[in-house]
Enquirer: 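This structure is in structure tokens; I'll ask about it shortly.
So that the names make sense, note that chain A is the first sequence line, chain B the second, and so on, each numbered from 1. These numbers come from the heavy atoms of this one structure, side chains and all, not from hydrogens, waters or symmetry mates.
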There are 2 protein chains.
Amino acid sequence: MKPVTVPLYQAKAEFFRMLGHPVRIRVLELLSDGPMPVRELLAQIEVERSNLSQQLAVLRRSGIVASVREADTVVYSLAGPDVAELLRAARRILTELITGQQDLLAELREADTTTSSAE
Amino acid sequence: MKPVTVPLYQAKAEFFRMLGHPVRIRVLELLSDGPMPVRELLAQIEVERSNLSQQLAVLRRSGIVASVREADTVVYSLAGPDVAELLRAARRILTELITGQQDLLAELREADTTTSSAE
DNA sequence: TGGCGAATTGATGATTCCTTCAATCGGTAG
DNA sequence: CTACCGATTGAAGGAATCATCAATTCGCCA
């Protein structure tokens, strides 16, 4: 029956890669509070309409969001409840990592005051 | 003091992008069970030594792993305990997504038996 | 000191991803 | 029917990522 048969670690990698874009992250976070029409997403995120559509298409293809047409607008929603939890876990780790990096920076300050990791 | 100042959603995106590679995922999963020398990682993962080093460098730069030299080998470990939890959350969502996709496929089987979403 | 194994780094071509613009679809109102 | 608005799609150029090869570092030992 050939059931897709992709190694699990590769599926995971594709999943994370799907998350690896600022606009897509913002969309998922906004949808964490409930369904939202494209018009509203467009108002909250600074991005061109066409670009937003591209990113929404990526999310749709992966199956993490669903879209429904209502009259003249399209409404998006999360496909499952665990997504919000994943984003929380990610935030926890990020906080941890950033804190760790700031500790490192504090140690390095005496050597180079113009240190920046944001290029 | 200019504390890195990267929008949070962008930091998150970079974080997920950092996770978005099969070899890097496998490394993190192996390290979830405890520190491990490069030699062992190399034995468990099918990848060239040089390529593994490249991926380890990516993980190191992000701060999610740390490396220590011991005699003639280098030992890697996770930088924090939350990483394993994140991987678990990801697995949950993936299972959910794949299950959903299989439901969809089941519905579609009657229309096209060669359906494949693994290109 | 010279050489060896383990690991990393630098550079390069190939692939993939991202942004943008133009064209298209779907629905609604005039 | 035509015009318009919201949203999606297709295509193309530019940027980032990946795999691979050669060169280098680091520690050990003969």
Side-chain angles (χ1 to χ4, degrees), chain A residues 6-7 9-28 30-31 35-77 117-119, chain B residues 6-7 9-28 30-31 35-77 117-119:
Chain A
V6 172
Y9 51 87
Q10 187 172 339
K12 282 189 190 171
E14 285 174 21
F15 176 70
F16 284 124
R17 201 146 22 94
M18 178 271 288
L19 294 176
H21 190 288
V23 170
R24 299 200 285 267
I25 290 287
R26 295 215 67 191
V27 168
L28 292 179
L30 287 171
L31 294 184
M36 191 174 281
V38 172
R39 178 175 17 83
E40 179 90 12
L41 292 171
L42 203 48
Q44 304 270 343
I45 309 176
E46 259 193 34
V47 64
E48 286 196 18
R49 178 189 303 277
S50 181
N51 198 345
L52 178 59
S53 268
Q54 298 276 5
Q55 308 309 331
L56 288 174
V58 173
L59 295 175
R60 235 182 310 117
R61 262 178 249 128
S62 81
I64 204 175
V65 303
S67 70
V68 174
R69 178 143 216 141
E70 290 187 7
D72 59 338
T73 75
V74 176
V75 178
Y76 278 81
S77 56
S117 65
E119 302 185 10
Chain B
V6 172
Y9 50 86
Q10 188 172 338
K12 283 188 189 172
E14 285 174 20
F15 176 70
F16 284 124
R17 201 152 13 100
M18 177 272 287
L19 293 176
H21 190 287
V23 170
R24 298 199 287 267
I25 290 288
R26 295 216 67 190
V27 167
L28 292 179
L30 287 170
L31 294 184
M36 192 174 280
V38 172
R39 179 174 19 82
E40 180 90 14
L41 292 171
L42 203 48
Q44 304 268 345
I45 309 176
E46 259 193 34
V47 65
E48 285 196 20
R49 178 189 303 276
S50 180
N51 197 346
L52 178 60
S53 268
Q54 299 275 6
Q55 308 309 331
L56 288 174
V58 173
L59 294 175
R60 236 183 309 117
R61 263 178 249 129
S62 82
I64 204 176
V65 303
S67 69
V68 174
R69 175 142 218 142
E70 290 187 8
D72 60 337
T73 74
V74 176
V75 178
Y76 278 80
S77 56
S117 65
E119 303 184 10

Enquirer: Whole angstrom is fine here: how far is it from CG in Leu52(A) over to P in dT9(D)?
Expert: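 Atom CG in Leu52(A) sits about 12 Å away from atom P in dT9(D).
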Enquirer: Counting only side-chain N and O atoms of Arg49(A), is one of them less than 4.0 Å from OP1 or OP2 of dT19(C)?
Expert: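 Indeed not, no polar side-chain atom of Arg49(A) lies that close.
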Enquirer: For Leu31(B) versus Tyr76(B), what's the shortest heavy-atom pair and its separation?
Expert: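 Scanning both residues completely, I find the closest heavy atoms to be CD2-O, 3.5 Å.
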Enquirer: For Arg17(A) and dC18(D), is the shortest distance between a side-chain N/O and OP1 or OP2 below 4.0 Å?
Expert: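 No, outside the criterion.
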Enquirer: Using only heavy-atom distances, decide whether a donor-acceptor pair under 3.5 angstrom links the side-chain of Ser50(B) to the base of dT8(C).
Expert: no
Enquirer: Can you tell me the distance, in whole Å, between the CD atom of Glu70(B) and the P atom of dG5(C)?
Expert: 22 Å
Enquirer: Over all heavy atoms of both residues, which pair between Leu30(B) and Gln44(B) is shortest? Give the atoms and the distance, please.
Expert: CD1-CB, 3.8 Å
Enquirer: Would you kindly give the CZ-to-P distance between Arg61(A) and dC18(C), to the nearest whole Å?
Expert: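 It is 10 Å, rounded to the nearest whole Å.
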Enquirer: Ignoring the backbone of Val38(A), work out which of dT9(D), dA7(D), dT8(C) is nearest its side chain.
Expert: dA7(D)
Enquirer: So which one's nearest nucleotide on DNA chain D is more toward 5', Val74(A) or His21(B)?
Expert: Val74(A)
Enquirer: Look at the side chain of Gln54(A) against the base of dT19(C) and say whether a donor-acceptor pair falls under 3.5 Å; ignore hydrogens and angles.
Expert: no
Enquirer: Just by modelled atom types, is the Tyr9(A) backbone N or O under 3.5 Å from a matching donor or acceptor in the Arg26(B) side chain?
Expert: no
Enquirer: For the side chain to side chain donor-acceptor pair (under 3.5 Å) test, which of Glu48(B), Gln54(B), Gln55(B), Arg49(B) pairs with Asn51(B)?
Expert: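 Looking at Glu48(B), Gln54(B), Gln55(B), Arg49(B), the match for Asn51(B) under the side chain to side chain donor-acceptor pair (under 3.5 Å) is Gln55(B).
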Enquirer: Do the side-chain N or O atoms of Arg24(A) get closer than 4.0 angstrom to the phosphate oxygens (OP1, OP2) of dC18(C)?
Expert: yes
Enquirer: CD of Glu48(B) versus P of dA6(C): gap in Å, rounded?
Expert: 15 Å
Enquirer: When you measure from the side chain of Arg69(A), which nucleotide among dG6(D), dA7(C), dC21(C) comes out closest?
Expert: dG6(D)
Enquirer: Can you check the Glu46(A) CD to dT20(C) P distance for me, whole Å?
Expert: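 Distance, rounded to whole Å: 12 Å.
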Enquirer: Out of dT9(D), dT8(C), dA16(D), which has the shortest distance to the side chain of Ser53(A)?
Expert: dT9(D)
Enquirer: Could you check how far CG of Leu59(A) sits from C1' of dT8(D), rounded to whole Å?
Expert: 14 Å
Enquirer: Using atom CD of Glu40(B) as one end and atom P of dG5(C) as the other, report the distance to the nearest whole Å.
Expert: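 Going from Glu40(B) (CD) to dG5(C) (P), I get 20 Å.
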Enquirer: Return the nearest nucleotide to the side chain of Tyr76(B); candidates are dT8(C), dA19(D), dT9(D).
Expert: dT8(C)
Enquirer: Base, sugar-phosphate or nothing for Asn51(A)? Non-hydrogen atoms, less than 4.0 Å.
Expert: base
Enquirer: Are Leu19(A) and Leu19(B) packed together at the side-chain level, in the sense that at least one heavy-atom pair is separated by less than 4.5 angstrom?
Expert: no
Enquirer: Of Gln55(A) and Ala71(A), whose closest DNA chain C nucleotide lies nearer the 5' terminus?
Expert: Gln55(A)
Enquirer: On DNA chain C, compare the nucleotides closest to Asp72(B) and Val58(A); which residue's is nearer the 5' end?
Expert: Asp72(B)
Enquirer: Whole Å only: how far is the CG atom of Leu42(A) from the P atom of dC5(D)?
Expert: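 It is 15 Å, rounded to the nearest whole Å.
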Enquirer: Looking at every strand, decide which applies to Arg39(B) at a 4.0 Å heavy-atom threshold: base, sugar-phosphate, or nothing.
Expert: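 Answer is sugar-phosphate: Arg39(B) comes under 4.0 Å of backbone atoms only.
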Enquirer: Under the criterion side chain to side chain contact (heavy atoms under 4.5 Å, CB included), which of Leu52(B), Val75(B), Val27(B) is the partner of Val38(B)?
Expert: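 The residue from Leu52(B), Val75(B), Val27(B) that satisfies side chain to side chain contact (heavy atoms under 4.5 Å, CB included) with Val38(B) turns out to be Leu52(B).
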